[in-house]
> 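Submitted below is the structure of interest, expressed as structure tokens.
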Amino acid sequence: MSRSHALTLTVLATGRQFDLNPADGAYTTVLPLDAWRMATAQQSPQTIERSGGAAIFTGSTLAARTFIAQHRISAGGKGVRANRNRLAALYDHRHGEAEVTFTDAAEPGITFVVRVKLVQMLPHASGQTSRVAQAQWLLLSTFRYESEDQETAPTALSSSPSSIEVTNKGNVDSDRLAITVTPTVQKADTDGQRFLMYVDPFIRQPRAGKVALELTGDLGWNHAAEVTAGRSQDTGADVRVLDDSVEVPRWFGDGTAAANQSATRVWIADEVGAGREWRHRGSATIGAADTEWQGDRGLTNIPPLPALAGFYDEVGGHEKVWVTAYSEASGVMTIERGVRGSAAASHAAGTSLWWMPKQIVILYGDLECDAPFYDDSFKPIPAEDEGSSNEEWVFAVYLETAVASNLQTRLPRVGSWVPARHPFPDWTDRDELFRTWIPWTGGLGVDASPATKLAIGYRHTVTMGGHPLVDRWEQLFTVAVSELRYAQGTLPLEHPGPPNEGKLVVLGTCSDGTEIVIDVHNSTTTSETHASTPSLVYIAFAIKPWDPNDLDDNTSGAESSVPQEPDDDDGFEIVNVELEFDADERLFVEPSARIAAYQLGTAEHPATIEDEQGNVLSINGVALAIGATLEIDVIAGTALVDGRVGVAHRITGLRDITVPADPEDVPHTSELTFTEAGIGEVEIGAVWRSAWL
């Protein structure tokens, strides 16, 4: 039979409204054994539900939430009858619900609180003395602890495996456990990653979609200096990118933007949502010490708090903050200033605060790790040219295919130009007859992969192969384009002459939905620059064929109604394309300075925490700044870095760890064992609730 001595002496003490154990001793209230989840072998669905667990039946009943309390009435004071009447007054229905605090007499430091309704006094039971009254209570909520946390102070561990001791004062295993992990000393340079940079992007465009995102800022990253100082491999094999704590493929730029350069660029392909902006209300400057910020409109769909946000201010600087609270009544946000490597600064009145849903980190410093394998099919096209950044894309290549001569096998590289067909509204039937315009990727009549040109040519008798019938190369943009630059070469399209010759038409759709013709070319080779206001979200280089049935008034000096047909290799070529992005929309990152870091485990070799019962919690590569704390809440199933960034997806066995108990020998001291390959120094602490119920 299970021991239950800690329960038999459970005494109830009230909060503000009711006194269940008055000081004058008029009556004493106790709870019968097994009224809650008592430590007995006979647990019922009702008692399981009362303890906050999952019952073995569906739905809920009043019976499951009803229990009986005992009141032992004293003869002191005005006598038994008067004290009984005084007790009965507590069950007046006008009292409504009560918040009752339960205290264990055996462990007076351990209490919990529950909401109940004191329903009614029950008829006197036969065989009971008049000094024992029973009453019916209705449970309105599961219990919550109100006692002080039991705590094991953080213990520094510098060898693996190492253990910390914890003491459970109760008589059952405690699952109400939180474990803290704080690295204090880096690993050796051959044992793990040692540095990080925060590169959280400011997302300001009003369109969601796949983006090519460059992470090192407008000037690039002096990776060569990190290599010279022995902090990174010259190939960049150690450089990793964590997007919301998940490692994602990354690629270096080309030429002067490659690894081990003074202006290295690091690219990822990412999905981003539309920007969300909150503009400051009022005319006062936002001071660097201000911790409250008020928007100019009511906030809808506010993200879960805490949420990362940033001031995008060209004068005061770009600052990141944590939004920790929001008052719907006043519209005031509570903010924590200068976080994730940024500095608190003053900002002008009207400065916008932008939601930053992506927390991205560049992690590096392991001098012996192998280079990761990433599928280049997803490498952003802009990374192929050293001049590309988040401010502008310079195209060295335009598209890549799995098979050079088969454009149907194009790879999903962000920023690719796509061959497509959207016939012009004024096309005629004979245009359709002679519509065999196909895309080439290396110039007219030539394929290449990656594509070095955007070309469309007429093919009359040659096999189409993997070439779709098209009339254009096109691209959609999540960030609007303010300026387009390109060079074009249009091969003979002048026949049968003005105004019916074929044309290269450059088309665009503006951010306000307006469709425009950016330029028109026939046979003249030119270099072009076109600015657009509003900026462009769609650009196409399209062939507009002539009508072969038009009269020929250009070749013979006399009109002729002989239908004409284009010649093979009529068409156009586009090269040297450059796109400059709208300054009000472009993606922006401002990397933090280098920060000493520690990565807890890897996917291949996780760090583990094991209890005495063999339950194992595995940490699979959580990256922390030195001195930052990982908080793992076993009962809630959460894991947060500094109470802000969720990393539970990098932890397995999170809910399994307990603080064991010995019902025959209370309190019981046990161990949590930490194991990690290549440990530096880590402080492990534990906070938990005594498991006395």
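Nothing here was measured: the structure is a model prediction, and the numbers come from that model. Worth knowing before you read on, the calculation uses all heavy atoms, side chains too, and leaves out hydrogens, waters and symmetry mates.
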> Between atom OG1 of T658 and atom CG of N615, what is the distance when rounded to the nearest 0.5 Å?
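Here the rounded value is 5.5 Å.
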
> Determine yes or no for a side-chain-to-main-chain donor-acceptor pair under 3.5 angstrom, with R240 supplying the side chain and A237 the backbone.
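Such a contact is found between R240 side chain and A237 backbone.
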
> Please tell me whether W221 and F252 form a close aromatic pair, meaning their ring centres lie under 6.0 Å apart.
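W221 vs F252: aromatic centres not under 6.0 Å.
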
> Closest heavy-atom contact between Y364 and E226?
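For Y364 versus E226, the nearest heavy atoms are OH-OE1, 2.6 Å.
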
> To the closest 0.5 Å, what do you measure between OG (S245) and CD (Q359)?
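The CD atom of Q359 is 8.0 Å from OG of S245, to the nearest 0.5 Å.
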
> Can you say whether the rings of H71 and W137 are parallel (under 30°), tilted (30 to 60°) or perpendicular (over 60°)?
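Plane angle between 30° and 60°, so tilted.
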
> Quick one: list whatever passes salt bridge (Lys or Arg N to Asp or Glu O under 4.0 Å) with D633, sequence neighbours left out.
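Scan of D633 (salt bridge (Lys or Arg N to Asp or Glu O under 4.0 Å), adjacent residues dropped) gives none.
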
> Does Q233 reach the main-chain N or O of C369 with its side chain, forming a donor-acceptor pair under 3.5 Å?
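The answer is yes, because a donor-acceptor pair under 3.5 Å joins these two groups.
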
> Measure the CG-OG1 distance between L20 and T28 for me, rounded to the nearest 0.5 Å.
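Atom-to-atom, L20:CG and T28:OG1 are 10.5 Å apart.
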
> For H605, is the NE2 atom crowded, meaning more than 12 foreign heavy atoms sit under 6.0 Å from it?
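Incorrect, the count does not exceed 12.
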
> Hey, could you give me the OG1/NE2 distance between T264 and H223, rounded to the nearest 0.5 Å?
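Reported to 0.5 Å precision, the distance equals 6.0 Å.
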
> Please check if the side chain of R337 supplies one atom and the backbone of V321 the other of a donor-acceptor pair under 3.5 Å.
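Judged by distance alone, no pair lies under 3.5 Å.
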
> Under 3.5 Å, is there a donor on one side chain and an acceptor on the other for D173 and Q613?
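A pair is found: one side chain offers a donor N or O, the other an acceptor, under 3.5 Å apart.
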
> Would you sort out whether Y27 and R72 count as a side chain to side chain contact (heavy atoms under 4.5 Å, CB included), showing the intermediate values?
CA-CA 5 Å; Y27 46 82; R72 298 173 182 174; over 6 Å; no

> Would you say E319's side chain and G338's backbone share a donor-acceptor pair under 3.5 angstrom?
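A pair under 3.5 Å: yes.
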
> Strictly distance-based, threshold 3.5 Å: is any side-chain N or O of D611 a donor or acceptor partner for the main-chain N or O of I657?
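A pair under 3.5 Å: no.
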
> Take V622 and Q599 through the test side chain to side chain contact (heavy atoms under 4.5 Å, CB included) and record every step on the way to the result.
CA-CA 5 Å; V622 173; Q599 189 170 24; over 6 Å; no

> Specify the closest pair of heavy atoms between T180 and E631, including all atoms of both residues, with the distance to one decimal.
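That would be CG2-CG, 4.4 Å.
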
> Does I362 form a side chain to side chain contact (heavy atoms under 4.5 Å, CB included) with V239? I'd like the steps, not just the answer.
CA-CA 7 Å; I362 293 178; V239 177; 4.0 Å; yes

> Evaluate the criterion side chain to side chain contact (heavy atoms under 4.5 Å, CB included) for residue pair W278 and W354; output intermediate values, then yes/no.
CA-CA 6 Å; W278 305 309; W354 294 85; over 6 Å; no

> I need the minimum non-hydrogen distance between L672 and A686, along with the two atoms involved.
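Smallest interatomic distance, heavy atoms only, reads CD1-CB, 4.4 Å.
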
> I'd like to know if the side chain of D290 reaches the main chain of E292, judged simply by a donor and an acceptor atom lying under 3.5 Å from each other, with no hydrogens or angles considered.
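Side chain of D290 to backbone of E292: no pair is present.
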
> Hey, does the side chain of R655 reach the backbone of I635 with a donor-acceptor pair shorter than 3.5 angstrom?
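Yes.
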
> Enumerate the residue pairs fulfilling side-chain hydrogen bond (donor to acceptor under 3.5 Å, both in side chains) with a member in residues 669-684, sequence neighbours excluded, ordered by first and then second residue.
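Sorted result for residues 669-684: S163-T673, T167-T669, T184-E681, K187-E676, Y598-E676.
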
> Hey, could you give me the CE/CD1 distance between M197 and I595, rounded to the nearest 0.5 Å?
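Between M197 CE and I595 CD1, I get 9.5 Å after rounding to 0.5 Å.
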
> I'd like to know if the side chain of N222 reaches the main chain of A225, judged simply by a donor and an acceptor atom lying under 3.5 Å from each other, with no hydrogens or angles considered.
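Confirmed, N222 side chain pairs with A225 backbone.
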
> Can any side-chain N or O of D642 pair as donor or acceptor with the backbone N or O of T629 at less than 3.5 Å?
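Answer holds: yes.
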
> For residues 191-202, which residue pairs qualify under side-chain hydrogen bond (donor to acceptor under 3.5 Å, both in side chains), counting only residues two or more places apart or in two chains?
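Residue pairs with at least one partner in residues 191-202: D200-K320, D200-R340.
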
> Does H668 offer a backbone N or O that forms a donor-acceptor pair with the side chain of N168 under 3.5 Å?
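The answer is no, because no donor-acceptor pair under 3.5 Å joins these two groups.
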
> Within this structure, what is the OG1-CZ distance for the pair T608 and F674, rounded to the nearest 0.5 Å?
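Output value for this atom pair is 7.5 Å.
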
> Start with the C-alpha gap between S342 and H318, add the side-chain angles, then the distance that decides, and say whether side-chain hydrogen bond (donor to acceptor under 3.5 Å, both in side chains) holds.
CA-CA 8 Å; S342 67; H318 307 98; over 6 Å; no

